[in-house]
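Below is one structure; the comments refer to it alone.
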Amino acid sequence: MKGKYLHWYNIDLPETMKIRRQFLPETGPIYQISKSAMDDSYVDDIDYHCENVLVIIEGLTMYLYEKDIRKMFSIIDKSFQEVTVMVETMSPFVVNHVKEKSIEGSNAKFTWGVKNGTELQRIVPGFSVQQEVSLVEGMKELMPVYCVIGKFPAVRNISNKIIVLEKRGRY
């Protein structure tokens, strides 16, 4: 990532960050912040000078509640003037009917989902949806069978999505 970003911050819970540091040490523009995304003090550890900010929220929202989503976006909204957020979301159908193998044996469970970007924008009105992409699209590159099953609207609708939202500075 050298030369590609001014700063790259990984924000995660302390126990997760302890493991992450073994594989991704703090070097150059990469910084590790051991705090919750709902702890508004994490922004104190970010060197921010009103530049455009990209926030990537991956593998998190489905384990939270709507109030947590609102809080997370509220922190981003009040902390950064211009920001693009790429957030992975899960459909409510999957939250309620699918047990993910990767979390079997843990106490983790899916608790929240949205159908689409329009629904997410109602929850976080300070942001506008720019794009929405079903993860089926990305899976086509890894597993060609998704080229076929991705044609079914039901598959695209229940697939996790990456929703891109923007907040532009208020002048």
Side-chain angles (χ1 to χ4, degrees), residues 1-92 95 102 108 110-139 141-142 159-171:
M1 296 210 287
K2 277 190 175 178
K4 296 202 183 267
Y5 304 96
L6 289 176
H7 307 284
W8 179 280
Y9 297 92
N10 292 309
I11 301 166
D12 215 324
L13 297 173
E15 53 272 19
T16 305
M17 198 57 77
K18 183 177 179 181
I19 295 167
R20 181 187 302 256
R21 281 191 179 102
Q22 295 173 19
F23 301 99
L24 297 169
E26 259 188 10
T27 58
I30 303 171
Y31 305 92
Q32 314 285 13
I33 300 175
S34 298
K35 294 182 180 176
S36 166
M38 274 76 64
D39 177 349
D40 61 357
S41 73
Y42 79 78
V43 297
D44 297 336
D45 299 327
I46 293 176
D47 186 17
Y48 173 64
H49 299 285
C50 298
E51 305 103 339
N52 289 336
V53 173
L54 171 63
V55 175
I56 301 171
I57 304 169
E58 183 269 328
L60 177 61
T61 64
M62 61 283 298
Y63 300 103
L64 303 176
Y65 294 96
E66 187 173 309
K67 68 179 178 58
D68 301 318
I69 304 301
R70 290 179 193 274
K71 171 138 181 145
M72 192 167 43
F73 273 86
S74 172
I75 292 167
I76 294 166
D77 185 25
K78 74 179 183 185
S79 302
F80 306 111
Q81 191 171 29
E82 292 191 23
V83 62
T84 299
V85 180
M86 300 175 106
V87 58
E88 179 186 10
T89 62
M90 184 176 278
S91 90
V95 167
S102 68
F110 299 142
T111 54
W112 182 83
V114 288
K115 291 180 184 176
N116 54 40
T118 303
E119 193 174 303
L120 179 58
Q121 190 170 350
R122 281 195 289 272
I123 295 167
V124 293
F127 294 81
S128 60
V129 175
Q130 301 300 306
Q131 188 175 5
E132 181 175 322
V133 180
S134 168
L135 289 187
V136 167
E137 295 304 311
M139 292 301 291
E141 298 292 320
L142 299 172
S159 171
N160 284 18
K161 292 178 177 53
I162 301 295
I163 300 173
V164 180
L165 303 110
E166 284 188 349
K167 176 202 142 187
R168 292 289 164 227
R170 296 173 184 99
Y171 301 102

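All values reported here derive from a predicted model rather than from experimental measurement.
The ring pair (Phe, Tyr, Trp, His ring centres under 6.0 Å) test applied to Phe110 returns Tyr63, not counting sequence neighbours. Under the salt bridge (Lys or Arg N to Asp or Glu O under 4.0 Å) criterion, Asp39 pairs with no residue, sequence neighbours left out.
Looking at Glu51, its side chain does come within 3.5 Å of a backbone N or O of His49 through a donor-acceptor pair. A donor-acceptor contact shorter than 3.5 Å is absent between the side chain of Glu166 and the backbone of Val85. In this structure a side-chain-to-backbone donor-acceptor pair under 3.5 Å is present from Thr61 to Glu88. Using modelled atom types, one side-chain atom of Arg70 and one backbone atom of Ile123 make a donor-acceptor pair closer than 3.5 Å.
Between Glu82 and Lys167, the closest side-chain pair of non-hydrogen atoms is not below 4.5 Å. Side-chain contact between Asn160 and Met62: present, with at least one pair of heavy atoms (C-beta onward) separated by less than 4.5 Å.
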Q | From CA spacing to verdict: salt bridge (Lys or Arg N to Asp or Glu O under 4.0 Å), Asp40, Lys78 | A | CA-CA 10 Å; Asp40 61 357; Lys78 74 179 183 185; 3.2 Å; yes
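Using bins of under 30°, 30° to 60° and over 60° for the plane-to-plane angle, the ring pair Tyr31/His7 lands in the tilted bin.
Identified under the salt bridge (charged side-chain N to carboxylate O under 4.0 Å, His left out) test for residues 118-137, with sequence neighbours left out: Glu137-Lys140.
Annotation for Ile19: atom CD1 does not count as buried by contact number, only 12 or fewer foreign heavy atoms lying within 6.0 Å. The environment of CE in Met38 is crowded: more than 12 heavy-atom neighbours from other residues, nucleotides or ligands sit within 6.0 Å. Within a 6.0 Å sphere centred on CD of Glu141, other residues, nucleotides and ligands contribute 12 heavy atoms or fewer.
Note: Asn116 CG to Ile163 CD1 = 7.0 Å, rounded to the nearest 0.5 Å.
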